[in-house]
Protein chains: 2
Amino acid sequence: MPTDKKIELTINDGHAAAPPKAAKKILDVAYDLFYRRGIRAIGVDEIVKRAGVTKPSLYRSFPSKDELAASYLRQYDREYWERFDEAVAAHPGNPRAQISAFLTRVGKRTQRPDYRGCGMTNAAVEYPEHGHPARVVSEANKQELRHRLREMAAAMGAQDPDTLGDGLLLMIEGAYISGQLFGLGGPAASVARNADLLIEASLKK
Amino acid sequence: MPTDKKIELTINDGHAAAPPKAAKKILDVAYDLFYRRGIRAIGVDEIVKRAGVTKPSLYRSFPSKDELAASYLRQYDREYWERFDEAVAAHPGNPRAQISAFLTRVGKRTQRPDYRGCGMTNAAVEYPEHGHPARVVSEANKQELRHRLREMAAAMGAQDPDTLGDGLLLMIEGAYISGQLFGLGGPAASVARNADLLIEASLKK
DNA sequence: TGACAATGTTACCGATCGGTACGTATACAT
DNA sequence: ATGTATACGTACCGATCGGTAACATTGTCA
């Protein structure tokens with residue numbers, strides 16, 4: 001059956017980068033499935049099937065399903081801070097505008113029909129046991145978020161920077177969760193406005 | 001092998017209550033395991049084993065594991081509104097104090113070492129597909145919460161009651177999630193204070 | 001005491017879980 | 001052409017998944 005071969009060659013055309021051909025495809029498919037339907041809900045068989053590869057290919061690139069999930073989250077982490085830093089870079093030296101820009105963007109994201117919450121938050125809910133590879137990545141991401149928000153709250157001139165930073169984190173997490181719970185028209189749509197009210201009430205007078 | 005029998009009889013001694021003996025035990029065990037470790041993470045075998053019964057007993061009282069999960073959530077729902085109504089009843093005619101009491105209590109709960117978040121929220125994360133029995137219960141609970149918060153925001157005299165109600169919901173959900181993510185000393189500890197700041201900033205001046 | 005209904009138990013089902021042993025195809029250097 | 005390393009596929013593993021058929025035990029009322 002040479003037909004399959006031809007298709008493969010057509011997709012993976014030319015003199016592409018040699019080493020990690022299947023690994024990227026596997027991670028891409030896993031990313032999509034893990035995010036949309038949950039990590040525990042997806043078996044490795046479905047991943048390799050949709051990726052057009054076989055199981056041994058997966059286990060040569062990733063030590064286990066748990067580690068594949070951790071890789072998915074590390075990718076998620078990179079993209080997360082990309083979005084965050086874009087909002088920061090748009091308003092240099094103005095932390096309040098930076099937060100506002102980020103939250104406006106979060107609010108919009110939560111209103112998209114395919115929105116499924118924060119991959120980090122979801123993973124932590126799916127794996128409550130401490131030390132699980134997926135949870136480790138998730139917790140690190142959240143610690144970093146808390147740190148940044150508290151620093152920005154201080155730079156804004158908040159009366160109690162740690163409290164304001166934590167308050168913003170609560171609202172952000174609430175937006176992630178209620179975005180997937182309520183869908184369009186849910187409470188997450190008002191996250192930017194509510195956060196702005198909270199900030200205004202938390203600044204030194 | 002009559003030894004097993006004897007042990008069973010010793011455990012299940014005397015003239016115990018006849019009608020729904022096993023069903024309650026099953027639901028109690030399932031409640032604990034589902035909440036602490038997640039619904040997808042727990043198999044029916046473990047439930048019946050810990051409950052000291054067998055699988056057919058489970059399936060005569062519950063049509064499926066999904067329905068058992070829904071029953072767990074309905075139980076959770078009853079206890080949830082019990083707690084909520086207690087806070088409300090403690091401050092008749094004073095919605096702001098009611099919210100404050102409820103959030104103080106939520107903040108305390110999130111700091112307990114075995115806190116694992118809101119069972120409703122967790123279930124919705126575990127089952128993103130619409131129409132799933134567990135998700136149906138969860139969504140109804142959250143809709144009711146939104147409704148109550150908006151009404152209370154209106155009774156408080158908020159400039160924009162729907163926005164304040166949704167803002168409070170965001171903070172509550174954020175407290176549930178970050179409670180299990182950060183544990184002791186996490187952002188959830190400040191939910192009552194932050195909510196109070198938000199309320200103060202949202203009232204008609 | 002005997003009949004009936006409810007509840008409990010043993011043993012099993014096919015499907016799917018994450019993971020692997022082992023043979024095969026391909027690319028490149030010599 | 002041939003050795004060699006690497007990537008890939010076939011076929012399979014034991015364990016566990018949710019769920020069930022068939023049988024034994026129990027309490028209740030006639």
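Every chain is numbered from 1 and lettered A, B, ... according to where its sequence line falls, protein lines coming before strand lines. Nothing here was measured: the structure is a model prediction, and the numbers come from that model.
A straight line from CZ of A/Arg60 to C1' of C/dT24 spans 11 Å, rounded to a whole angstrom. Per the geometry, NZ belonging to A/Lys49 stands 17 Å off C1' belonging to D/dG9, to the nearest Å. Protein atom NZ of B/Lys25 is 15 Å distant from nucleotide atom C1' of C/dT9, rounded to whole Å. Nucleotide C/dG8 holds its C1' atom 10 Å from the CD1 atom of B/Ile26, rounded to whole Å. Going from atom CZ of A/Phe62 over to atom P of C/dT20 covers 15 Å, rounded to whole Å.
If you check C/dT10, C/dA21, D/dC8 against the side chain of A/Pro56, the one that comes closest is C/dA21.
A/Arg78 and A/Gln75 share a side-chain donor-acceptor pair at under 3.5 Å. Side-chain contact, A/Glu79 with A/Tyr31: a donor N or O sits under 3.5 Å from an acceptor N or O. Residues A/Glu126 and B/Asn122 bring no donor and acceptor atom of their side chains to less than 3.5 Å of each other.
The shortest heavy-atom contact between B/Asp114 and B/Tyr35 is O-CE2, 4.4 Å.
The residue B/Thr54 sits close to a base: some heavy atom pair falls under 4.0 Å.
The pair B/Glu173-B/Lys142 meets the salt-bridge criterion, with a side-chain N (NZ, NE, NH1 or NH2) lying under 4.0 Å from an Asp/Glu carboxylate O.
A sub-4.0 Å separation between OP1 or OP2 of C/dG8 and a side-chain N or O of B/Ser57 is present.
Looking only at distances, no side-chain donor or acceptor of B/Glu139 sits under 3.5 Å from a matching main-chain atom of A/Phe182.
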Each nucleotide N or O in nucleotides 14-18 of chain D that has a protein N or O under 3.5 Å away: list the pair and distance.
| unit_1 | atom_1 | unit_2 | atom_2 | d |
| --- | --- | --- | --- | --- |
| D/dG18 | OP1 | B/Lys65 | NZ | 2.8 |
| D/dG18 | OP2 | B/Val44 | N | 2.9 |
| D/dG18 | O6 | B/Lys55 | NZ | 3.4 |

